[in-house]
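Here is the structure we will look at.
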Amino acid sequence: MTIRQTARLVDFHCHLDLYPDHAAAIQQRERERVFTLTVTTTPRAFPRNKELADRTKYVRAALGLHPQLVADRAKELSIWKDYLPSTRYVGEVGLDAGRRFYSSFDEQKVVFAEILSACAEARGKILSVHSVRCAKVVLDTIDARMPVGRGRVVLHWFTGSLPEARRAAEMGCYFSINAAMIRNERSVALVRSLPKERILTETDGPFTDNAVGHDGPADVRPARDGLAKLFQMGAEEIDALISDNLRELLG
Ligand code: MN
């Protein structure tokens with residue numbers, strides 16, 4: 001039995017180290033058999049995340065340098081590069097052209113391009129990518145720096161246009177979908193347009209409101225249930241689809 005067969009749910013983007021009790025959050029995911037990609041926002045946080053994740057069957061730690069932190073932490077790219085050989089998973093990385101972070105956008109582009117080039121050179125990496133208000137630039141950069149076959153991209157909380165989503169799918173990207181996307185009319189139209197074989201679930205906890213009021217990490221079931229409803233699938237059918245998609249992604 002492989003992990004993908006015994007995992008009950010998939011959360012392909014969350015931040016377990018941002019919960020008050022990091023170790024307990026990991027243990028809960030392990031107990032509940034949720035295949036979890038726990039992303040980091042700075043490379044300095046990676047070793048501890050990896051140490052805890054390596055003791056589990058269902059949790060994987062990703063090496064990140066969050067675009068929203070690039071203004072202060074671009075220098076940590078060298079630390080990020082040092083850790084890259086120790087992991088298959090990269091995230092959270094990407095670009096953020098939102099108003100609060102636009103002042104660092106040029107610097108973000110340099111960092112993201114370098115991250116993609118390093119991943120392309122290393123081969124076989126799986127990336128969880130942030131793309132707020134700049135889907136086109138994110139896709140252009142991936143196209144230029146990490147051609148298909150050199151690595152795999154999961155677009156997290158993707159909010160680009162329908163044509164941009166189609167382009168991303170044609171480039172081989174996956175999409176991790178959270179409950180907030182399913183509550184948003186525009187995102188629903190986008191999710192509906194995606195190839196079903198490219199869909200995964202995520203919580204982005206603790207940045208999503210379904211984390212509020214609970215002690216443990218955000219629950220991925222609202223995302224799973226929302227997708228089931230959207231695609232008119234039963235719970236078993238959607239779980240099988242997502243588990244197949246995960247298996248395909250992980251190769
Ligand atoms: Mn995130």
Side-chain angles (χ1 to χ4, degrees), residues 9-20 22 25-26 29 34-46 48-50 52-53 59-73 76 80 87 89-102 104-105 108 111-112 115-116 119 125-135 137-138 141-142 152-160 168 173-184 187 190-191 199-212 214 216-220 222-224 226 246 249:
L9 293 164
V10 175
D11 180 356
F12 210 78
H13 183 110
C14 68
H15 301 257
L16 293 183
D17 65 352
L18 299 184
Y19 285 91
H22 181 194
I26 289 182
R29 289 305 178 82
V34 181
F35 184 97
T36 300
L37 186 71
T38 185
V39 299
T40 52
T41 55
T42 109
R44 288 191 193 282
F46 181 69
R48 176 65 177 155
N49 274 271
K50 177 154 170 66
L52 291 173
V59 181
R60 303 288 181 273
L63 171 61
L65 181 46
H66 199 296
Q68 295 176 353
L69 299 184
V70 160
D72 298 321
R73 292 175 180 265
E76 294 185 20
W80 182 93
T87 183
Y89 299 94
V90 170
E92 178 164 3
V93 295
L95 297 174
D96 192 314
R99 197 181 311 162
R100 276 177 64 202
F101 305 102
Y102 197 72
S104 68
F105 197 60
Q108 291 178 40
V111 167
F112 185 48
I115 283 173
L116 290 168
C119 290
K125 305 297 183 190
I126 298 174
L127 288 69
S128 182
V129 173
H130 177 111
S131 57
V132 168
R133 293 194 178 194
C134 55
V137 185
V138 164
T141 315
I142 293 168
R152 316 200 82 170
V153 170
V154 181
L155 294 164
H156 129 74
W157 204 332
F158 187 76
T159 53
C173 297
Y174 285 69
F175 301 82
S176 52
I177 309 300
N178 62 51
M181 295 171 76
I182 290 163
R183 285 193 296 269
N184 175 296
S187 287
L190 182 125
V191 173
I199 286 175
L200 297 168
T201 39
E202 66 160 54
T203 60
D204 201 16
F207 296 108
T208 42
D209 57 6
N210 60 347
V212 176
H214 297 277
D219 189 348
V220 77
R224 187 271 308 256
L246 180 69
L249 172 68

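For clarity, every value in this text was computed on a predicted model and none was experimentally measured. Start at 1 and go down the list; that is how both ligands and their atoms are numbered.
Summarising the geometry, atom OH belonging to Tyr174 is positioned 11.5 Å from atom CD1 belonging to Ile199; distances are rounded to the nearest 0.5 Å.
Across all non-hydrogen atoms, the minimal contact from His130 to Pro67 is CD2-CG, 3.7 Å. Minimum interatomic distance between Val220 and Val34 (heavy atoms only, all atoms of both residues): CG1-CG1, 4.4 Å.
The Mn ion (ligand 1) lies closest to atom OD1 when only the N/O/S atoms of Asp204 are considered. Restricting Glu92 to its N/O/S atoms, the shortest distance to the Mn ion (ligand 1) is reached by OE1.
Rounding to 10 degrees, one finds that the Mn ion (ligand 1) sits at the corner of an angle of 100° between His13 NE2 and His15 NE2.
Checking Ser176 against His13 by side-chain atom types alone, no donor-acceptor pair falls below 3.5 Å.
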